[in-house]
Amino acid sequence: MASSLFLRRALSQAPLCGRASVPVLVRGQTSAPEDFFKKNEELKRPMSPHVTIYTPQWTWTLSIAHRGTGVGLACGIYAAAAATFTTAGSFEAALAGTTISPLIGSLAKLAISFPFVYHTANGIRHLNWDRGHGFEIKTLERQGQMVLGGSLIASALIAAIL
């Protein structure tokens, strides 16, 4: 009982999170945003940070690629499932009826195997980060280069074997 009274007194006397110093804009008052936009125009600043002002880095480039391969794999799986359900007979029979040159076939195998291998390898890299390992800048760059190079080599081997 005494501790709750003490807590209530302490909370009632001190402003929470410095609320008293935060300016409050009243409805219809627009002076603060106008000053902000005028200052940004005078300094020729962009409205918000944009990709074009940053130097490309391994971490965010590979992160975008990881998301892209994930979306590509999901779309490919859905397309294969739709093709399986809509073809007469079996999917293998539909594929057997098509003629593809060896070069186009090899490129198709590479295009199918690379997203799978890269997404898997980069997913393992992310699991390593979840364990709290490999956050030094040099380690991040080296792991990214290893994932990309290893994925290219492994997907080329898969395309050559199949």
If only atom types and distance count, is the side chain of Y118 paired as donor or acceptor with the main-chain N or O of S155 below 3.5 Å? no

Kindly compute the distance separating CG (L107) from CD1 (I112), expressed to the nearest 0.5 Å. 11.0 Å

In the structure I gave you, are the side-chain heavy atoms of L43 and K39 within less than 4.5 Å of one another anywhere? yes

Are the side chain of S63 and the backbone N or O of T59 linked by a donor-acceptor pair below 3.5 Å? no

Find out whether I158 and V117 are in side-chain contact, i.e. whether some heavy atom of one side chain is under 4.5 Å from a heavy atom of the other. yes

Assess whether atom CZ of F135 is packed by more than 12 heavy atoms of other residues, nucleotides or ligands within 6.0 Å. yes

Applying side chain to side chain donor-acceptor pair (under 3.5 Å) to T120 and not counting sequence neighbours gives none

For H119 versus T69, what's the shortest heavy-atom pair and its separation? ND1-OG1, 3.1 Å

Of all heavy-atom pairs between T139 and G134, which one has the smallest distance, and what is that distance? CG2-CA, 3.7 Å

For the residue pair W129 and Q143, what are the closest heavy atoms and their distance? NE1-OE1, 3.4 Å

For the backbone of L140 and the side chain of R125, can you confirm whether one donor and one acceptor N or O come within less than 3.5 Å of each other? yes

Cluster question for you: counting only ILVMFWY and a side-chain heavy-atom cut-off of under 4.5 Å, with indirect links fine, are L152 and L62 together? yes

OG/S113 to CG/L157 distance, rounded to the nearest 0.5 angstrom? 9.5 Å

Could you tell me the separation between the CD atom of E136 and the CZ atom of R142, rounded to the nearest 0.5 Å? 9.0 Å

So which residues get pulled into V71's cluster when ILVMFWY side chains under 4.5 Å apart are joined, directly or through others? none

Please lay out, stage by stage, how H66 and N122 fare under the test side-chain hydrogen bond (donor to acceptor under 3.5 Å, both in side chains). CA-CA 7 Å; H66 183 77; N122 206 38; 3.3 Å; yes

Do W58 and L148 have side-chain heavy atoms sitting under 4.5 Å apart? yes

Pairwise distance OH(Y78) to CG(L73) - rounded to 0.5 angstrom: 12.0 Å

